[in-house]
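Keep in mind it's a predicted model, so treat the numbers as computed, not measured. Within every chain, numbering begins at 1; the chains are lettered A, B, ... in the order of the sequence lines, protein sequences first and strands thereafter.
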Protein chains: 2
Amino acid sequence: MEAAKRESILSEACKCFAKLGFQKASVDDIARRAGVGKGTVYLAAASKKDLFYEVLLREVRDWNASLQKRIDPRRPADQLLTELALSSLATMDERPLVRELLMGGHHEVLPELKDRFDELRSIGMKPIVEVLEIGIEQGRFRPDLDVDEVARILLDLHTATVMFVVGRVSDPLRLARRTKSAFDLVLRGLTLHAPPTKA
Amino acid sequence: MEAAKRESILSEACKCFAKLGFQKASVDDIARRAGVGKGTVYLAAASKKDLFYEVLLREVRDWNASLQKRIDPRRPADQLLTELALSSLATMDERPLVRELLMGGHHEVLPELKDRFDELRSIGMKPIVEVLEIGIEQGRFRPDLDVDEVARILLDLHTATVMFVVGRVSDPLRLARRTKSAFDLVLRGLTLHAPPTKA
DNA sequence: GAACTGACTATTTTTCGATTCTGGTCACCG
DNA sequence: CGGTGACCAGAATCGAAAAATAGTCAGTTC
């Protein structure tokens with residue numbers, strides 16, 4: 001398996017899956033666009049499902065890296081968190097597969113990959129976890145936080161914000177404002193004065 | 001239009017829509033189960049869509065009332081909020097139509113009713129708004145909150161929690177715990193000490 | 001004569017079998 | 001030996017016939 005061919009296959013597969021979805025994208029088509037024979041695709045991945053997973057993994061890692069790159073641990077973590085959400089929001093249009101993954105859209109078509117999708121979601125939570133840890137380190141965030149649990153909640157909240165605007169008028173300004181409101185709420189909390197942290 | 005018949009029609013329609021969804025539920029069937037002729041259904045609602053909306057409105061109002069009944073304005077609002085979420089969670093199984101409404105599931109089948117669905121969602125936010133106002137009144141919640149905006153965020157967060165567990169193993173314990181975590185997070189906020197409220 | 005009905009119609013949905021398309025394999029090529 | 005594409009069984013798709021459905025309204029009932 002030549003590396004360049006593998007690269008080409010994954011890259012073209014990504015485009016096809018994004019444009020047509022898992023079902024309608026055909027292996028024949030992917031092979032043709034990648035400039036290889038169909039058999040070669042089956043050297044890169046054991047099945048169409050595996051190919052899809054491979055593509056998704058690549059996408060998530062890439063998305064992850066691009067977000068992680070923007071995290072400067074010396075800046076205040078509360079700013080980092082909001083900016084992380086806004087950056088993620090901005091990349092969603094270029095990463096439809098990631099968006100679908102977050103929204104759980106693939107579950108209906110490929111319920112048997114549920115566990116793997118969950119893994120990928122966990123990978124996607126890593127930048128959030130990192131920012132939370134930075135915040136605790138900086139003494140800005142409550143040290144008693146269960147960072148994994150909180151990260152999952154934040155990712156859910158972020159996803160919900162995205163979901164309820166997809167397919168609607170989707171004024172990007174509105175979306176950004178909602179994201180800011182939501183994260184401001186989470187950062188400051190509802191209560192007037194944060195109760196003294198007890199063990 | 002005799003009141004008892006209208007009642008029977010709406011009640012049976014609710015069951016049918018819940019069991020089969022809007023498309024597969026047939027007006028003939030609803031009429032038969034309600035013990036009336038098909039024409040009578042069209043005295044209760046001008047069309048099948050209107051009937052669906054009428055049923056949904058009834059469901060949301062009922063759901064609303066049952067939640068509102070539990071709100072004792074003398075109790076601490078932070079407790080009220082978490083309990084509200086848990087109560088809502090507990091009723092979801094008995095109110096599949098409301099759950100679908102929250103999750104936006106009807107949008108795909110009836111996009112032309114989007115605006116009405118949004119109205120219904122707003123109605124569903126009323127108990128949350130009430131608790132937020134109680135909290136401000138009690139001096140427990142920040143008085144600068146935009147209660148409508150915050151209520152929508154909380155409803156989204158609640159919905160997200162529900163969505164990501166529907167169709168999965170759905171251990172109810174886990175769901176309750178996640179809800180508690182999420183609302184505890186929102187109540188206390190991420191930051192260690194709430195910054196002094198500025199204008 | 002107002003409340004109610006159900007046969008009727010135009011339109012949708014379903015069925016089902018023929019046909020095309022697709023995932024996956026493997027004997028063969030360069 | 002990395003790579004290929006003709007090949008196969010099963011899945012998706014299509015089209016036309018058949019069944020079902022939303023909505024109407026002349027007529028029945030009380």
If you group Ile, Leu, Val, Met, Phe, Trp and Tyr by side-chain heavy-atom gaps below 4.5 Å, do B/Leu110 and B/Ile123 land in one group? yes

Sorted by chain and residue number, the salt bridge (charged side-chain N to carboxylate O under 4.0 Å, His left out) partners of A/Arg177 (sequence neighbours excluded) come out as none

Given atom CG of B/Asp50 and atom P of D/dA22, what is their separation to the nearest angstrom? 14 Å

Please report, rounded to the nearest Å, how far the P atom of D/dA11 is from the NZ atom of A/Lys49. 12 Å

Grab the CG-P distance between B/Leu51 and D/dT21 for me, whole Å please. 16 Å

Rounding to an integer number of Å, can you tell me how far A/Arg6 CZ sits from D/dG3 C1'? 16 Å

Taking the axis from the first five pairs and the axis from the last five, what angle separates them in the helix from C/dG1-D/dC30 to C/dG30-D/dC1, rounded to 10 degrees? 20°

Any donor-acceptor N/O pair, B/Lys180 side chain to B/Leu175 backbone, under 3.5 Å: no

Nearest-nucleotide pick for A/Thr40, side chain only, options being D/dG3, C/dG24, D/dG23: D/dG3

What do you reckon, is CD of B/Glu137 surrounded by more than 12 foreign heavy atoms closer than 6.0 Å? no

For the CD atom on A/Glu112, are there more than 12 heavy atoms of other groups (residues, nucleotides or ligands in this structure) within a distance under 6.0 Å? yes

Polar atom pairs (N or O), protein with nucleotides 24-30 of chain D, under 3.5 Å:
none

Ionic contact status for B/Arg116 with B/Asp50, cut-off 4.0 Å: yes

Pairs touching residues 77-95 of chain B that satisfy salt bridge (charged side-chain N to carboxylate O under 4.0 Å, His left out), sequence neighbours left out: B/Glu59-B/Arg95, B/Asp62-B/Arg95, B/Arg75-B/Glu83, B/Asp93-B/Arg99

B/Asp146 bridged to B/Arg152 by N-O distance under 4.0 Å: no

For B/Asp156 and B/Arg121: C-alpha separation, side-chain torsions, deciding distance, then whether salt bridge (Lys or Arg N to Asp or Glu O under 4.0 Å) applies. CA-CA 10 Å; B/Asp156 282 1; B/Arg121 261 182 88 84; 2.7 Å; yes

If you define the side chain from C-beta out and look only at heavy atoms, does anything of A/Phe141 sit under 4.5 Å from A/Val150? no

In whole angstrom, what separates A/Lys5's NZ from D/dC1's P? 17 Å

The criterion is side-chain hydrogen bond (donor to acceptor under 3.5 Å, both in side chains); which residues satisfy it with A/His106, sequence neighbours excluded? none

Taking atom C1' of D/dT4 as reference, at what distance in whole Å does atom CD1 of A/Ile9 sit? 12 Å

Let's see if you get this right: which residues in residues 11-34 of chain A place a heavy atom under 4.0 Å from DNA chain D? none

